There are 2 protein chains.
Amino acid sequence: MATSFLTINKNILFYSAAFASLLLLLKLLETQLLFTTYLFELYITAVALIFTALGVWLALKLVQPKTVVVEKAVYLPASANFVLNEAALAALGLSHRELEVLQLMAAGYSNQQIAGRLFVSLNTIKTHSSKIFEKMQVQRRTQAVDKARRLGIVV
Amino acid sequence: MATSFLTINKNILFYSAAFASLLLLLKLLETQLLFTTYLFELYITAVALIFTALGVWLALKLVQPKTVVVEKAVYLPASANFVLNEAALAALGLSHRELEVLQLMAAGYSNQQIAGRLFVSLNTIKTHSSKIFEKMQVQRRTQAVDKARRLGIVV
DNA sequence: TTGGCACTCATACTTTAGGGTGATTTTGAT
DNA sequence: ATCAAAATCACCCTAAAGTATGAGTGCCAA
């Protein structure tokens with residue numbers, strides 16, 4: 001709050017200063033006959049430059065900053081009983097369906113069997129598994145299962 | 001390559017058109033005595049608007065939206081408090097080499113990678129895995145890994 | 001010394017998994 | 001109402017996994 005207000009004020013001050021400098025420049029130029037013939041062109045150029053800068057400033061200021069997800073360390077409870085690690089699951093961005101497929105993978109089912117269990121086609125399971133591997137940054141289902149177990153998102 | 005060049009060309013064309021329109025507007029205004037007194041102000045306003053737009057366009061176009069999302073979950077190391085179930089292992093009748101292969105399978109390695117690690121050929125690993133599946137009475141490596149985990153003969 | 005077992009490797013073949021692309025439908029949130 | 005993500009499915013192709021069979025070597029115990 002306070003910082004943004006200060007920032008805006010600083011910008012206003014900057015722009016005022018720039019404008020004053022421009023006016024001063026114009027006055028100076030008016031006194032010089034040599035430059036009088038090019039006064040109009042100079043003026044336009046200055047205006048163009050200044051408002052280009054204004055546009056840049058506007059765009060950079062108004063475009064909302066991108067959200068940066070902070071790194072987080074998630075540790076499993078050292079106990080034997082399983083609790084789903086919601087944080088890790090959320091971090092991976094797996095959808096509900098993808099989690100289902102992953103769990104069946106971990107149980108040792110083939111894609112064909114998973115398709116049968118979930119009443120969808122083999123191709124659908126292939127699509128799901130591809131997205132799972134992509135999101136988990138692995139190449140094979142065994143890697144995915146191993147990682148999922150260590151993350152605590154699968155039994 | 002080709003697309004960016006085309007895009008730039010399109011932008012150049014757009015700006016040329018805008019500029020031509022502006023000149024035309026000026027000519028029109030010059031013919032109107034009524035507007036002549038405000039011609040300079042109008043001109044400046046137009047230039048300001050156009051170059052503000054240019055600034056916005058520049059900023060949005062040139063500033064690449066690099067959103068670096070650092071998402072990292074720390075998971076359990078492979079062996080936390082694991083105790084090998086000797087009895088289950090003996091009951092399965094797995095040989096030492098077969099257990100090695102099974103453990104690497106559980107870690108998510110491909111047959112080719114396992115072969116490289118154990119300095120043997122891919123075919124040898126295939127033979128081993130076939131015998132493993134036979135002894136464990138499973139069909140797939142994922143099933144073998146799952147069963148091995150539940151039996152406590154693998155991390 | 002010999003038969004069984006573990007380990008190795010090969011060839012040939014079938015099945016499953018995975019990558020890439022594109023499309024449609026459902027659903028959820030604004 | 002509309003836009004984005006999720007979920008569904010298809011086709012094509014390559015890679016990996018798995019099956020079957022046979023075979024050579026070395027080791028150990030009967």
Side-chain angles (χ1 to χ4, degrees), chain A residues 62-64 66-67 69 86 89-149 153-154, chain B residues 3 65 67 69 71 86 88-149 153-154:
Chain A
L62 296 182
V63 167
Q64 66 275 25
K66 305 289 180 178
T67 53
V69 177
E86 306 275 4
L89 180 58
L92 287 177
L94 290 180
S95 72
H96 174 256
R97 201 58 159 172
E98 285 162 357
L99 178 60
E100 275 187 273
V101 173
L102 180 58
Q103 285 168 338
L104 290 174
M105 270 186 188
Y109 291 99
S110 70
N111 286 337
Q112 188 65 73
Q113 289 173 322
I114 296 173
R117 278 206 158 217
L118 300 184
F119 303 105
V120 294
S121 80
L122 172 61
N123 284 314
T124 302
I125 301 302
K126 284 187 176 185
T127 304
H128 281 319
S129 55
S130 282
K131 301 211 80 176
I132 291 171
F133 302 151
E134 192 183 319
K135 288 181 180 178
M136 296 186 75
Q137 301 182 60
V138 297
Q139 285 74 47
R140 282 174 294 286
R141 56 172 50 217
T142 42
Q143 280 183 349
V145 169
D146 182 58
K147 194 165 187 175
R149 280 217 170 81
I153 64 180
V154 128
Chain B
T3 50
T67 307
V69 177
E71 155 249 309
E86 306 275 5
L89 180 58
L92 286 177
L94 289 180
S95 72
H96 174 256
R97 202 57 158 171
E98 285 161 357
L99 179 58
E100 271 187 294
V101 173
L102 180 57
Q103 285 168 338
L104 290 174
M105 271 186 188
Y109 290 100
S110 69
N111 285 338
Q112 188 66 70
Q113 288 175 322
I114 296 173
R117 278 203 158 218
L118 301 183
F119 304 105
V120 295
S121 80
L122 173 61
N123 285 313
T124 301
I125 300 303
K126 283 188 176 185
T127 304
H128 282 319
S129 55
S130 283
K131 301 212 78 176
I132 292 171
F133 302 151
E134 192 184 319
K135 288 180 179 178
M136 296 186 75
Q137 301 181 60
V138 296
Q139 283 75 49
R140 281 171 294 286
R141 59 173 47 215
T142 42
Q143 279 183 350
V145 169
D146 182 57
K147 193 164 186 175
R149 280 217 171 82
I153 64 179
V154 127

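None of the values given here were measured: they were computed from a predicted structure. Values below: all heavy atoms of this structure, side chains included; hydrogens, waters and symmetry mates excluded. Naming: A, B, ... by sequence-line order, numbering from 1 per chain.
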Completion exercise
In whole angstroms, the gap separating C1' of dA5(D) from CZ of R97(A) amounts to 16 Å

Practice task
When you get a sec, tell me which of dA7(D), dA17(C), dG19(C) is the closest nucleotide to the side chain of S130(A)?
Solution key: dG19(C)

Handout entry: Between dT26(C) (C1') and H96(A) (NE2): distance, integer Å
Key = 16 Å

Exercise for the section: Mind checking S110(B) for me? I need base, sugar-phosphate or nothing, with any heavy atom below 4.0 Å counting as a touch. Expected result: sugar-phosphate

Fill in the blank from the handout: Smallest heavy-atom separation, A88(B) atom then I153(B) atom, equals CB-CG2, 3.9 Å

Problem - Whole angstrom value for the distance that separates C1' of dA6(C) from CD1 of I125(B) - result: 14 Å

Practice task
Rounded off to whole Å, could you give me the CZ-to-P distance for the F119(B) and dT8(C) pair?
Solution key: 12 Å

Problem - Value rounded to 0.5 Å, distance of CZ in F133(A) from CZ in R141(A) - result: 5.5 Å

Practice task
Tell me which nucleotide among dA10(D), dC9(C), dA16(D) gets nearest to the side chain of T127(A).
Solution key: dA10(D)

Practice task
Quick one: pull up CZ in R140(A) and CG in N111(B) and give me the separation to the nearest 0.5 Å.
Solution key: 9.0 Å

Handout entry: Residue mapping more 5' on DNA chain D - nearest nucleotide basis, K131(A) or L122(A)
Key = K131(A)

Exercise for the section: Would you mind telling me which of dT8(D), dA6(C), dA17(D) lies closest to the side-chain atoms of H128(A)? Expected result: dT8(D)

Exercise for the section: Using modelled atom types only, decide if a donor and an acceptor are shared between the side chain of K147(A) and the backbone of M136(A) within a distance under 3.5 Å. Expected result: yes

Practice task
Have a look at S121(B) and say if it touches a base, only the backbone sugar-phosphate, or nothing, with a 4.0 Å heavy-atom cut-off.
Solution key: sugar-phosphate

Exercise for the section: Would you classify N123(A) as touching base, sugar-phosphate or nothing, given that sugar-phosphate means primed atoms plus P, OP1 and OP2, and contacts are heavy atoms under 4.0 Å? Expected result: base

Fill in the blank from the handout: To the nearest angstrom, the CZ-C1' distance between F133(B) and dT15(C) comes to 13 Å

Practice task
Using atom types as modelled and distance alone, determine if a side-chain donor or acceptor of E98(A) lies under 3.5 Å from a backbone N or O of L94(A).
Solution key: no

Exercise for the section: Would you tell me if any nitrogen or oxygen in the side chain of R140(B) comes within less than 4.0 Å of OP1 or OP2 on dT16(C)? Expected result: no

Exercise for the section: Report the distance from atom CG of L99(A) to atom P of dA7(D), rounded to the nearest whole Å. Expected result: 11 Å

Handout entry: d(NZ, K135(B); P, dC5(C)) in whole Å
Key = 10 Å

Practice task
Report which part of the nucleic acid S129(A) touches: base, sugar-phosphate, or nothing (heavy-atom distance under 4.0 Å, all strands).
Solution key: nothing

Problem - E134(B) CD to dT21(D) P, straight-line distance once rounded to whole Å - result: 12 Å

Problem - Minimum-distance nucleotide (side-chain atoms of R141(A) versus dT8(D), dT19(D), dG18(C)) - result: dG18(C)

Problem - Polar side-chain contact S95(B)-dC5(C) base: donor and acceptor under 3.5 Å - result: no

Handout entry: Nearest to side-chain heavy atoms of N111(B), which nucleotide of dA17(D), dC7(C), dT8(D)
Key = dA17(D)

